[in-house]
Amino acid sequence: MIRIGVLISGSGSNLQSIIEAVNAGSIVGEIVQVISNDEAAYGLTRAAGYGISTKVVKHGDYSDRHGFDQELVRVLKESQVDLVVLAGFMRVLGADFLAAFPDRVINIHPALLPSFPGTHGQDQAFVYGVKLAGCTVHFVDEKVDHGPIIIQAVVPVLSDDSRDRLAARILRCEHKIFPHALALYCAGKLQIEDRKVKISGVDESVLENQFLISCPDLV
Ligand code: GRF
């Protein structure tokens with residue numbers, strides 16, 4: 001059983017979707033620790049409500065990123081975590097942290113990487129005027145929002161959208177693809193080959209139907 005540690009910084013709605021997928025048996029894993037860098041994160045309340053161990057590790061308590069990362073690693077190793085999940089975690093993790101969990105840190109980003117990396121992906125996509133926004137689940141490497149992509153989903157931008165309406169639609173999509181990606185990982189179905197993530201045992205036509213928008217006949 002994969003032991004999962006989840007890092008959060010805020011509301012924890014992605015954490016909630018992951019907890020529900022674990023409890024439904026879709027993710028063959030166990031969330032053994034939830035850590036927030038912000039003591040006010042509502043995600044801590046969500047985790048505690050399910051009896052999941054929680055801890056606050058404040059980045060401001062450490063003089064540098066290395067000290068903060070080292071404490072996170074210590075707490076996660078203490079809980080014998082196999083997979084680290086970043087669910088709205090707003091801090092950049094350094095090389096030492098990633099070396100402690102090689103190819104075992106997965107993040108969700110609210111844009112179609114490599115477009116619109118960083119902390120305001122939804123907003124940048126909206127302002128840019130894209131017709132198709134979306135979200136990405138990826139392995140974390142030493143560059144921000146750069147690691148091998150596991151799953152992406154496309155979210156159409158509607159003519160009367162606002163920043164908030166689009167962000168909310170993307171978030172609802174995140175709540176679907178993040179648990180799905182983690183279920184694939186925990187089932188041992190992901191293989192990284194160079195920058196590509198191969199998903200074994202999945203009917204490509206299912207993938208094509210599920211995750212690619214078929215181009216409608218426009219004329
Ligand atoms: C999500 O949109 C995620 O993509 C981004 O921050 C948000 C976190 O939301 N990194 P929540 O804390 O999971 O509700």
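In what follows, every heavy atom counts, from backbone to side chain, and hydrogens, waters and symmetry copies are set aside. Note that ligands are numbered from 1 as they come in the structure, with each ligand's atoms numbered from 1 the same way.
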Atom pairs and distances, ligand 1 N/O vs protein N/O under 3.5 Å:
from: ligand 1; atom 1: 2 (O); to: Glu174; atom 2: OE1; distance (Å): 3.2
from: ligand 1; atom 1: 2 (O); to: Glu174; atom 2: OE2; distance (Å): 3.0
from: ligand 1; atom 1: 4 (O); to: Glu174; atom 2: OE1; distance (Å): 2.7
from: ligand 1; atom 1: 4 (O); to: Glu174; atom 2: OE2; distance (Å): 3.4
from: ligand 1; atom 1: 12 (O); to: Gly12; atom 2: N; distance (Å): 2.9
from: ligand 1; atom 1: 13 (O); to: Ser13; atom 2: N; distance (Å): 3.4
from: ligand 1; atom 1: 13 (O); to: Asn14; atom 2: N; distance (Å): 2.9
from: ligand 1; atom 1: 13 (O); to: Asn14; atom 2: ND2; distance (Å): 3.1
from: ligand 1; atom 1: 14 (O); to: Ser13; atom 2: N; distance (Å): 2.8
from: ligand 1; atom 1: 14 (O); to: Ser13; atom 2: OG; distance (Å): 2.5

Next on the checklist: Taking salt bridge (Lys or Arg N to Asp or Glu O under 4.0 Å) as the definition, give me every residue that meets it alongside Glu39, ordered by chain and number, with sequence neighbours left out.
Outcome noted: Lys58
Checklist entry - If we only count heavy atoms from C-beta on, is the Leu171 to Asn14 side-chain gap below 4.5 Å? => result yes
Item to check | Trace of the salt bridge (charged side-chain N to carboxylate O under 4.0 Å, His left out) decision for Asp82 with Arg3 | outcome: CA-CA 5 Å; Asp82 303 306; Arg3 295 173 62 87; 5.3 Å; no
Checklist entry - Sequence neighbours excluded, which residues qualify as salt bridge (Lys or Arg N to Asp or Glu O under 4.0 Å) partners of Arg169? => result Asp161
Item to check | Summary of salt bridge (charged side-chain N to carboxylate O under 4.0 Å, His left out) pairs that have at least one residue in residues 93-103, sequence neighbours excluded | outcome: none
Checklist entry - Parallel, tilted or perpendicular: which fits the ring planes of Tyr62 and Phe68, with parallel below 30° and perpendicular above 60°? => result tilted
